[in-house]
Amino acid sequence: MMAGMAAPSPWPRLFALTLVVCFSAPRCLEARVEPTHGFDSFSQDEELQLGKQNAAEVMKQMPMLPDSDPVVQYVQRLGGKLTERAPGYKWPYNFHVVNVKEINAFALPGGSIFVNLGTVQAADNEAQLAGVMAHEISHVVQRHGTRAASKQMAAQLPLAILGGIMGNSTLAKAAELGISFGVGSYFLKNSRQSESEADLLGTDIMYDSGYQPQQMAVFFEKLEKQMGAGANSLINQFLSDHPNPGNRAEAVTREVKTLPPRTYVADSADFREIKARAAGMKPLTSEQLAAMQKQGAPPNATAPGPEVTPSANLKVFSHNEYQISYPENWQVFGDQSSGVTIAPRSGVSQNEVSYGVMIANYQPEDAGASLDTATHELLASLRQSNPDLKQIGHDETIRVNGVAGKSVDLVGSSPIKDAQGKPLEERDWVVTVQRKDATVLYLVFISPDKDFPSMRPAFEAMLRTLQMR
Ligand SMILES: [Zn+2]
């Protein structure tokens, strides 16, 4: 006789209870994927610290679109919407757009997620872009990066101990073993197992955010089809970092079937606007990026992007005291009472100007000062607030639309930093113009030195339109 046959089974009663709960709460039918855990020698704090260091490194090495760019702001909004639905530990997620044509996206441990502009350009609808991002978020939730690194460290540690190079903390050990997650890192390459986990969790995040999860698989498969049509360096890296775990679409569909039917948003006006904008942008190709990194040139500065590159179409700015035309894709900052700055939106940050022109009045100490004296006084006062400004060559006497002026070239430090964190050399072209009331109007045309030759024609075109009132 089998044990337990005599006693009444507790199961029927439990079963009934479960049914009751299910009928009254439809969400009980929904089976969300549980984030997986695995051996991880990094604490959450260590993972955050490591992620931060690596994110800073990536931002120095890669050409980033500025946070003020509408495409970045859109990606950040979409990211915020998705991470609200992400399960597990609440990492401080942050989203960045890399100004590169290659279709790729990657997530660093701790929540920094980088999406290439090429990915925004390649997505057919908002759901596809959301799919890529939900997939990356899922890698963060499941700590795939530090788990892979932990495995590697465990394999290397015995050797490290023998070699006597072991630090105390996991971070120190990781540093000694050369573990990093930056550009080109081995740990950005995910295993097929991690891929399938990221797909499943990503499916739930998409579903919960109202995006049709299949669009994630559609996007991945679209890339694979293009790849099948011939080696395509634009998508190579993405598929190599996120290898197909096999039957992506089926796995997503299977997961969706465990969830109640719902309606989805496929697209948004917001996405279409951003997609149109991105289509007009010219991110760096892999070749351009490689060439720049080889030269050691900071890609951030050499890729001013369409917003910085001055449009040939000019717009008029009328001030009480003068009128000047400027590239229509630039903006006027400041007001009539003080000086103004005319610059591309991304050329101005925290009151620092990296590209653009500042226009203001200068009142010489001596009311009867000549333009020459006034100009030298002005230069001295500019140097007082920017001690590293140096004059190159002599000041020249010029005429601006019939009015006497002076032209002086200076070099200083740009707010833009190079790959080592050192400020780029900046060119400041100062022009002073005599005003009727013995004050001086001055203009400072600003650009990183190496971009100055390409900016100069636009600066000169602006100066030619200057009319004093
Ligand atoms: Zn992946």
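We're numbering straight along the sequence, starting at 1. Whatever order the structure lists ligands and atoms in, that order sets their numbers, starting from 1.
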ask   = Does any pair with a residue in residues 112-147 pass ring pair (Phe, Tyr, Trp, His ring centres under 6.0 Å), and if so which ones, sequence neighbours excluded?
value = His96-Phe114, Phe106-Phe114, His135-His139, His135-Phe220, His135-His242, His139-His144, His139-His242

Donor-acceptor pair between Tyr93 and Glu136 side chains, under 3.5 angstrom = no

task = Starting from the Zn ion (ligand 1), look over the N/O/S atoms of His242 and name the nearest one.
result = ND1

inquiry  = Test of geometry: compute the angle NE2(His139)-the Zn ion (ligand 1)-OE1(Glu195) and round it to 10°.
reply    = 140°

ask   = Do you see a donor-acceptor pair shorter than 3.5 Å between the side chains of Glu57 and Gln53?
value = no

inquiry  = With a 4.0 Å cut-off on N to O distance, would you call Asp40 and Arg147 a salt bridge?
reply    = no

remark   = Here the N/O/S atom of His135 closest to the Zn ion (ligand 1) would be NE2

